[in-house]
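Data first, discussion second: the structure below is written as structure tokens.
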Amino acid sequence: MSEQILEKLAEVVVKGKIKEAKPLAEQALGAGITAQTIIFDGLSKGMEVVGQKYEKKEYYLPQVLLSAQTMYAALDIVLPKLKVGEAGASGRIVIGVVEGDVHDIGKNIVKAMLTGAGLQIFDMGRDVPLKKYIEKVEAEKANILATSTLMTPTLAGMRELEKMLAEKNLKGPVKTMIGGGATSKEFAAQIGADAWGYDAIEAVKIAANLLKK
Amino acid sequence: MLNNGMKPKDRVLAALACKKLDRPPVVCFTQSATVDQMDAVGVHWPDAHTDPEKMATLAMAANKVFGFESARLPFCLTVEAEIMGCTVDLGKVDRTPMVKKHAYDSSSEVDVPKDFSQLGRAKAVVEATKLLKKKAGSELPVVVGTTGPFTIAGHLVGTENLLLWIVTEPESVHKFVKIAAEVENNYLRAIAAAGADVIVMSDPSASTDMLSGEMFDEYAAPYIKQSFSGIEGPKNVLHICGDTTLLLEHMMSTGVHGLSIEEKVQPEKAVEIVNNRVALVGNVGVVKPLLQGTPDDVSREAKRVAASGFNLVAPGCGLAARVPSPNIKALVDAVKK
């Protein structure tokens, strides 16, 4: 029974059946499935399939966005039931678009994929002042700071973030990953970021690698 | 073969007609201003976004300072959205204007402004086009940049919402992109009447990073066509960012005279696909090599693009305001010499 519900949850995420997400999540909890199992064996599996379909160009952004919203709808029900320490989420990630840029679709897709991978995400939004990132990283004891920008003038902000982390002796304990249209692997190396991701799919792999270190 | 010594305007118009030339023109059809140009002509952002005189002066700087064979205005993609009610931050000396806040949700009734081209910065652009025509129009092609309807619709309701609605409420997508196309058509008529030689419409939100080819055909292409319908005179160029290799055929189906594309497409591959059916404009990378590379890197890329058979050599996307001048000089020199 519980396996069926979990499969159905994954399917609802893949197909973006957003209206079915909440009732099904409630049904799963009612059937005694733990929040953790619902997230990892249901929702995450669904998002993984969505990622694969996106990679194969079976899905484009509109479908991915809908699947993400469907996952979030289910998470609204499930997350409050997650017991402390049960999270299993081995990583805490602060994510956002750097100050001066409002292009946040890419960031939102990365956030959805990382959430789908079971990580705990603190979303700062877009056009976020640099010092807010540092404050949040400290307050939440984050493992990773992930920032993006599509524009070139705002690249300087990423360089500045690296400096600010270094000044607080947080380089090392906190890993950084960057992405977005104006960024590149070379640029990441240049400013001392720990990783660069081409897209949301790569971001999940990169985050997993950084968390192992 | 048409030989050297041609006026930039004649060379550009011949190239856009896919004529064989001794060399392609080197132009900037996307955002052209840099801080060094602003300093050289004494006109800066954000003033140049609103003042027609300053706008025209800064448009000419790309030729005056670097020798680009074009003069292009304005310097952003927010003119239309602002008039339609979005909140726009005009930025600063090295930062382009951005849409900060959207104007509508899906159920909103939209008041379509009647005489769009007489409003706000659209009026400034039309005025600046007339000025530019008068000041430089016999030598340089007057290039006017506008925003594609899918991108405008994204500004109106939020691009993420617009994309999501493709699955959840496609009729709302059509509603907003159609409104954008109506407005755009009114605006383009005024720009054509003001003397533009080339209209470059950028529709970045319709890129393959966002839409499949089929979605482009349904939600973007018909409205790009509608925007250009009845616009006689200027050459029409469609600019879309990202890796457009698979989108080139779809872009051509809109009936434009030229396609402006980014370096994410292999130039040789683009030339092979387009095969001189329309003119190709591009595609020297703005971040790499222009912003972050050396003059040698730029020169190598520019020569590669020219050799591949691009009809016009240009930056692949809008110039970042801090692109180093030696790199821009290297781009122009590599093509001209």
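Residue numbering restarts at 1 for every chain, and letters A, B, ... go by the order of the sequence lines.
For the atom pair Arg126(A) CZ and Thr149(A) OG1, the distance stands at 12.5 Å (nearest 0.5 Å).
Aromatic ring pairs are classed by plane angle as parallel below 30°, tilted from 30° to 60° and perpendicular above 60°; the pair Phe68(B) and Phe66(B) is perpendicular. Note: Phe216(B) and His250(B) have perpendicular aromatic rings, judged against thresholds of 30 and 60 degrees for the angle between ring planes.
When the heavy atoms of residues 50-75 of chain A are compared with those of chain B, the residues falling under 4.5 Å are Tyr54(A), Tyr60(A), Leu61(A), Pro62(A), Gln63(A), Leu65(A), Leu66(A), Gln69(A), listed by number. Within residues 287-300 of chain B, the residues having any heavy atom closer than 4.5 Å to a heavy atom of chain A are Val287(B), Lys288(B), Leu291(B), Gln292(B), listed by residue number.
Residue contact with chain B, scored on non-hydrogen atoms closer than 4.5 Å, is absent for Thr183(A). With a 4.5 angstrom heavy-atom cutoff, Ala320(B) touches chain A via backbone and side-chain atoms both. In this structure, the portions of Ser212(B) lying under 4.5 Å from any heavy atom of chain A include both its backbone and its side chain.
Taking chain A as the reference chain and counting heavy-atom pairs below 4.5 Å, the highest number among Val167(B), Ile166(B), Leu164(B) is found for Leu164(B).
In this structure, Gly96(A) and Tyr133(A) approach most closely via the heavy-atom pair C-OH, 3.0 Å.
Side-chain atoms of Thr176(A) and Glu162(A) form a donor-acceptor pair, as typed in the model, at a separation below 3.5 Å. Side-chain atoms of His239(B) and Ser260(B) include a donor-acceptor pair closer than 3.5 Å. There is no side-chain donor-acceptor pair under 3.5 Å between Asp89(B) and Thr87(B). Remark: the Thr34(B) side chain and the Asp36(B) side chain contain no N/O donor-acceptor pair separated by less than 3.5 Å. For the 3.5 Å distance criterion, the side chains of Glu218(B) and His174(B) qualify, holding a donor opposite an acceptor.
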In a table with atom names and distances, give each donor-acceptor pair under 3.5 Å that connects a side chain of residues 5-28 of chain A to protein atoms at least two apart or in another chain.
{"unit_1": "Lys8(A)", "atom_1": "NZ", "unit_2": "Glu20(A)", "atom_2": "OE1", "d": "3.2"}

Result block: side-chain N/O donor-acceptor pairs under 3.5 angstrom for residues 93-100 of chain B, not counting sequence neighbours:
{"unit_1": "Asp94(B)", "atom_1": "OD2", "unit_2": "Arg322(B)", "atom_2": "NE", "d": "3.1"}
{"unit_1": "Asp94(B)", "atom_1": "OD2", "unit_2": "Arg322(B)", "atom_2": "NH2", "d": "3.3"}
{"unit_1": "Lys100(B)", "atom_1": "NZ", "unit_2": "Asp127(A)", "atom_2": "OD2", "d": "2.4"}

